[in-house]
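Worksheet: one structure, shown below.
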Amino acid sequence: MGVCLSAQIKAESPYNTGLNSKSAGSIGNDLSSTNNSKDSAVSVPQTPRSEGEILQSSNLKSYTLAELKAATRNFRPDSVLGEGGFGSVFKGWIDENSLAATKPGTGIVIAVKRLNQDGCQGHREWLAEVNYLGQFSHPHLVRLIGYCLEDEHRLLAYEFMPRGSLENHLFRRGSYFQPLSWSLRLKVALDAAKGLAFLHSAETKVIYRDFKTSNILLDSDYKAKLSDFGLAKDGPTGDKSHVSTRVMGTYGYAAPEYLATGHLTTKSDVYSFGVVLLEMLSGKRSVDKNRPSGQHNLVEWAKPYLANKRKIFSVLDSRLEGQYSTDEAYKIATLALRCLSTESKFRPNMDEVVITLEQLKVPNLNAGSQKRARRKSADDVSHARRKSVDGVNRPKIPTTYPRPSASPLYA
Ligand SMILES: Nc1ncnc2c1ncn2[C@@H]1O[C@H](COP(=O)(O)OP(=O)(O)OP(=O)(O)O)[C@@H](O)[C@H]1O
Ligand SMILES: [Mg+2]
């Protein structure tokens, strides 16, 4: 870690794209009031070269370790919101206006991620998160509020997403997590697609590289936002078709050509989006060795069924029965299949995905049957119940299944 600290880490930065940093406002604070008073005024900070410059030029709040300790009740185990490859995520509290750490239980709730990994890789990912997420502001990207860099300690403070990850809602069983309804799945897919489309847009040109259900977080209204930019990369510039990278990501989500060659394009993210869409349709994990042989890899198993209107029911989550029409299901299955094309050129871009999902969502929301409305209100009741739990003392739910997490992947 010491070596990393003094290293001049290349800023794989959105700064040089001319991206304007606008206030996120999702928690109601303007972190960047010094340079974003006019949304239309493009303020382009100097391209930072070292991590010191990156941190100085960000609009994020810099916390001491003592402050984040105080905000999280000394990282108490019962404040744990989740665990990932990076470390644990704790619930904490800050003052809404000053963003200073407050007494737990007062002010607003945040999520504090604490790096528990040694070495350069962990530090690099931490810095990439600060560098990307600290500059972006979009309704479908989680807002990064601040960071802590003290000795070997690396932490990040995010807006709190009360309903946790899509992964929990899709794959955890038990009374705490009710199965997501068809219309909520469509909404979450559309929100996440908008987040990716923003990253891929000419304005930002970023490849996310770690699109998966655990990185899609849900707010109290089920608005979905992407988190975790530790593996994000600037897209190719000039006439280059791809960026060459060490193959990193999560098994089951990475595009085949990326696994084989390390060549990364925005279409690699589109493939991962297709995997997530398939997981949402089927309620099954992308990789699960506990399934019967021939079904371990969801994409390989499901692909032949997706292309046939009469066979798609073999893939669809049985908990969704009665909530969709065959036409709707077939359109989503076709979209998933296109995103999962082995040849990247046949995959749609994320703008097309957004348009397709928007077209599907309209009839679903407007012409929803009474049954759907009833189902939705049933959802809302159970959410309200869970919300009070979330707001005070979220029960700790142990992870009882194999979870995929981001790591180097080798072909
Ligand atoms: N801002 C947040 N608000 C609420 N819960 C969060 C927040 N960020 C993370 N979590 C919870 O903590 C869990 C762990 O998150 P983390 O990003 O560290 O790991 P992961 O995405 O599960 O795996 P990986 O390390 O492969 O990215 C998430 O799955 C989610 O349940
Ligand atoms: Mg994550």
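Indexing begins at 1, ligand by ligand and atom by atom, following the structure's order. Throughout, numbering of the chain's residues begins at 1 and tracks the sequence. The basis for the numbers below is simple: all heavy atoms, side chains too, and nothing from hydrogens, waters or symmetry mates.
Ring centers of Y147 and Y63: at least 6.0 Å apart, outside the cut-off.
Listed by atom number, the atoms of ligand 1 under 4.0 Å from G82 heavy atoms are 12 (O), 13 (C), 14 (C). Near F86, with a cut-off below 4.0 Å to any heavy atom, the atoms of ligand 1 are 25 (O). Of all atoms in ligand 1, listed by their number and element, those nearer than 4.0 Å to a heavy atom of Y158 are 1 (N). Interface atoms of ligand 1 facing N215, defined by a heavy-atom separation under 4.0 Å, are 21 (O), 27 (O). For ligand 1, the atoms lying closer than 4.0 Å to a non-hydrogen atom of N168 are 31 (O).
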- Task: Please assess T250 against K212 for the test side chain to side chain donor-acceptor pair (under 3.5 Å), listing each intermediate value before the final yes or no.
- Result: CA-CA 8 Å; T250 305; K212 57 180 176 179; 3.0 Å; yes
- Item | Intermediate values then yes/no, side chain to side chain donor-acceptor pair (under 3.5 Å), H200 and D269 | CA-CA 9 Å; H200 293 179; D269 282 344; 2.8 Å; yes
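The pair R76-D78 counts as a salt bridge, with a side-chain nitrogen and a carboxylate oxygen less than 4.0 angstrom apart. By the 4.0 Å N-to-carboxylate-O rule, R172 lies too far from E167 to be salt-bridged with it. Between R185 and D317 there is a salt bridge, since a side-chain N of the basic residue sits under 4.0 Å from a carboxylate O of the acidic one. Salt-bridge annotation for E257 and K267: absent, with no side-chain N of the basic residue lying under 4.0 Å from a carboxylate O of the acidic one. The pair E358-K194 meets the salt-bridge criterion, with a side-chain N (NZ, NE, NH1 or NH2) lying under 4.0 Å from an Asp/Glu carboxylate O.
On a distance-only criterion, K113 and ligand 1 share at least one N/O pair closer than 3.5 Å. Ligand 1 has no nitrogen or oxygen under 3.5 angstrom from a nitrogen or oxygen of F160. For ligand 1, the polar-atom distance check finds an N/O of G85 within less than 3.5 Å of one of the ligand's N/O atoms. Taking any N or O of D228, backbone or side chain, at least one lies under 3.5 Å from an N or O belonging to ligand 1. Between T250 and ligand 1, no pair of N/O atoms sits closer than 3.5 Å. Between D210 and ligand 1, a contact under 3.5 Å exists for no N or O pair.
With 2.8 Å as the limit, S165 does not count as an N, O or S neighbour of the Mg ion (ligand 2). Residue D210 does not count as close to the Mg ion (ligand 2), with no N, O or S atom under 2.8 Å.
At a 4.0 Å cut-off, at least one heavy atom of E159 sits close enough to ligand 1 to count as contact.
For K187, the NZ atom counts as densely surrounded, since its 6.0 Å shell holds more than 12 non-hydrogen atoms of other residues, nucleotides or ligands.
The aromatic rings of H138 and F198 sit parallel to each other, their planes meeting at less than 30°, with 60° as the upper class boundary.
The proximity of E83 to ligand 1, defined as any non-hydrogen pair under 4.0 Å, is limited to the backbone. Both the backbone and the side chain of S214 come within 4.0 Å of ligand 1, counting heavy atoms alone.
Draw a line from the Mg ion (ligand 2) to OD2 of D228 and another to OD1 of N215, and the angle between them is 90° (to 10°).
Looking at R209 and Y258, their side chains do bring a donor and an acceptor atom within 3.5 Å of each other.
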